[in-house]
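Right, one structure below, let's go through it.
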Amino acid sequence: MQFLSGNEAIAQGAWEAGARIGAAYPGTPSTETMQAFAAKEGVYAEWAPNEKVAVEVGVGASAAGARVLCTMKHVGVNVAADPLFTAAYTGVNGGLVVLAADDPGMHSSQNEQDSRFYAMGARIPMMEPCDSAEALQFTKAAFELSERFDLPFFIRSTVRISHAKCPVEVGEREEVELRHYSKDPSKWVMMPANAKPRRLELDRRLAEVRAWTETCEFNQVIEGSSEVGIICTGAVYQYVADAMPEASILKLGVAWPIPEGKVREFAASVDRVCVVEEASDYLSMQVKAAGVKLSDTVQPLPCYGELSPLAIAKAFGKPVPEHIDTQTDLPGRPPALCCGCPHRIVFKELTKQRAIITGDIGCYTLGALPPLGAMETTVDMGASISMAHGFELVMQGTKHRPIVGVIGDSTFGHSGITSLLNTAYNNGAGTICILDNRTTAMTGHQGNCFNGITLQGRSSREMNIEAIVRALGIEDVKTVDPNDMLATRDAIKKAIANENELSVLIFRSPCALLRDSFQRKKPYEVTSGCIGCGVCVSIGCPALSRDPQTGTAMIDRDQCVGCGQCQQYCHYASIVQED
């Protein structure tokens, strides 16, 4: 028995099932899954540049006969959709299981989406565990089911399943032999002549899956009162069981396709049927499509964000314990760039130039928050460069603020390269800043193609950003130390002045939290010469604040890492390093 998170349990289930290959791109809440899998014996695991590539690697390894695990967060499924939709046609050889980790409530994501719709759209069966124990059980079973039905299988988790821990009965690894690969263009070459019959073949396979869902052990009825029956999946089951212990519950472990016969049978056994789900109406639509009339709860449930037992109890008109609301006058604690972050000076200098900054996904997204207030757009991975090009197309020939796209090194490898290729190909102008902090920082310091660190520590190549950018035909390329304020200011000014060409600035300095490359130095202190101008505080370092009575600067020596960024902005030499 081990105490595992859902992510760890999925990795354990894949290992026990004999999976040999793992491919992923890190993204919360899925990241720890591939990290846990990579640490196990007898497996190969890698970080891919993006989720599309990870799935394509997975499809290739599956075709070659191995069992494969691919993992990603929900927005990563968008990136991987292209190969996933076709993989349902080709089917598999070795079992192929794909984790889609959703984020209701958007704890660490730019949108809230339900990957069950992808399962339905791509026509790939999806299983949804309600805790870590089921996460292991479902994942392990999914590999055998994938091979039985000749289909990839999804495992869907949400942030609570991914990160919450519970006792899990673990087992031994099953050593599964590689399945034989034989040339078969009718299965693997999806040109129209082959895809059309595979489309019909997909219907046949799915008919078998639908029949299986009616009797499979993963769809369970928890009998209770016949007055109300509740249909739910995943983590929501835990909330329902807590809030409505007297109700009959149909817990669907297979989220798509749902067992329509079992749903109708359950509905007939109770007086009224309700669906409880969070941030989506997917399950309600599926149940209604099965011919079941749903009863309204007393009050509607929230249409976005995570649910809770309290919210469910209220919706069903149950008395709830008295509680004290959280105080509303507490000071806000917004996230901020870390002390010593190499991105800080770049954003400060860009704001001094009044630039329109199109941003991207990563730590540097925090540059949008006060006091920097720098970034003006963030949409998806790689969008910064493409959107900067879009701004330039509209504003060219007019007097406008400088347009600057800002992207990180890992995100540049993920999808920024193709965006820059497009801008270069179409003779775009403007300035692109690549913030190379030598890691994929926001998701926990994973390796990427530009720092050359692989998931399992294998020898690799460190890709050269400058060479790649110049290979696209971009001539104005400069590498700058972002901790040097004057050098950063000069580089940005020159790039912006070069308004008719495309300029790329590569700001390279390791993340302040990388222990191997960052040495904490003696902290700084403020002398009596401070006049309280506030310029140093405006860079947004968490170690800096102002005395509420005098207005002069204050440095928290316990937080200060001695980077010296604030000292470079003090015109009065009032910030000095401790002796």
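Side chains included, hydrogens not; waters and symmetry mates left out as well; all remaining heavy atoms used. Keep in mind the model is a prediction, meaning the values are calculated, not measured.
In this structure, the separation between CG on L435 and CG on L505 is 10.0 Å, given to the nearest 0.5 Å. In this structure, F117 CZ and S115 OG are separated by 10.5 Å, a value rounded to the nearest 0.5 Å. Distance check: I356 CD1 to L350 CG gives 12.5 Å after rounding to the nearest 0.5 Å. Rounding to the nearest 0.5 Å places CD1 of I575 at 4.0 Å from SG of C566. Taken from CD1 in I539 to CG in L372, the straight-line distance is 8.0 Å, to the nearest 0.5 Å.
With hydrogens and angles disregarded, no donor-acceptor distance shorter than 3.5 Å links the side chain of Q446 to the backbone of P26. For the pair K73 (side chain) and S108 (backbone), a donor-acceptor distance under 3.5 Å is present.
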(Q) Would T488 and E349 count as a side-chain hydrogen bond (donor to acceptor under 3.5 Å, both in side chains) here? Give the steps. (A) CA-CA 7 Å; T488 298; E349 292 305 313; over 6 Å; no
Q. Would S509 and R438 satisfy side-chain hydrogen bond (donor to acceptor under 3.5 Å, both in side chains), going step by step from the backbone distance to the final call?
A. CA-CA 7 Å; S509 181; R438 315 308 295 152; over 6 Å; no
Q) Could you walk me through whether K352 and F347 pass the side chain to side chain contact (heavy atoms under 4.5 Å, CB included) check? A) CA-CA 9 Å; K352 290 173 73 71; F347 281 124; over 6 Å; no
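Minimum heavy-atom separation, A424 to L472: CB-O, 3.8 Å. When every heavy atom of Q565 is checked against every heavy atom of I345, the shortest pair comes out as CG-CD1, 3.7 Å. The nearest pair of heavy atoms linking P309 to A243 is O-CB, 3.2 Å. The minimum heavy-atom distance linking G562 with Q577 is given by the pair O-NE2, 4.1 Å. The shortest non-hydrogen separation linking P542 to C338 is CD-C, 4.3 Å.
Within the structure, no pair that satisfies the salt bridge (Lys or Arg N to Asp or Glu O under 4.0 Å) test touches residues 539-551, not counting sequence neighbours. Under the side-chain hydrogen bond (donor to acceptor under 3.5 Å, both in side chains) criterion, the residue pairs touching residues 365-378 are E376-R401, with sequence neighbours excluded.
In summary, R156 and D102 engage in a salt bridge, as defined by a charged side-chain N under 4.0 Å from a carboxylate O. For the pair E306 and R160, the salt-bridge criterion is met [side-chain N within less than 4.0 Å of a carboxylate O]. At a threshold of 4.0 Å, the pair E466-R508 counts as salt-bridged, since one of the basic side-chain nitrogens sits closer than that to a carboxylate oxygen. D476 and K478 are not joined by a salt bridge, as no carboxylate oxygen comes within less than 4.0 angstrom of a charged side-chain nitrogen.
Side-chain polar atoms of T411 and Y364 form a donor-acceptor pair below 3.5 angstrom. For the 3.5 Å distance criterion, the side chains of D131 and Y237 fail to qualify, holding no donor opposite an acceptor.
Counting heavy atoms from C-beta outward, V576 and T527 have side chains that approach closer than 4.5 Å.
Applying the ring pair (Phe, Tyr, Trp, His ring centres under 6.0 Å) test to Y524 and every residue at least two apart in sequence or in another chain returns nothing.
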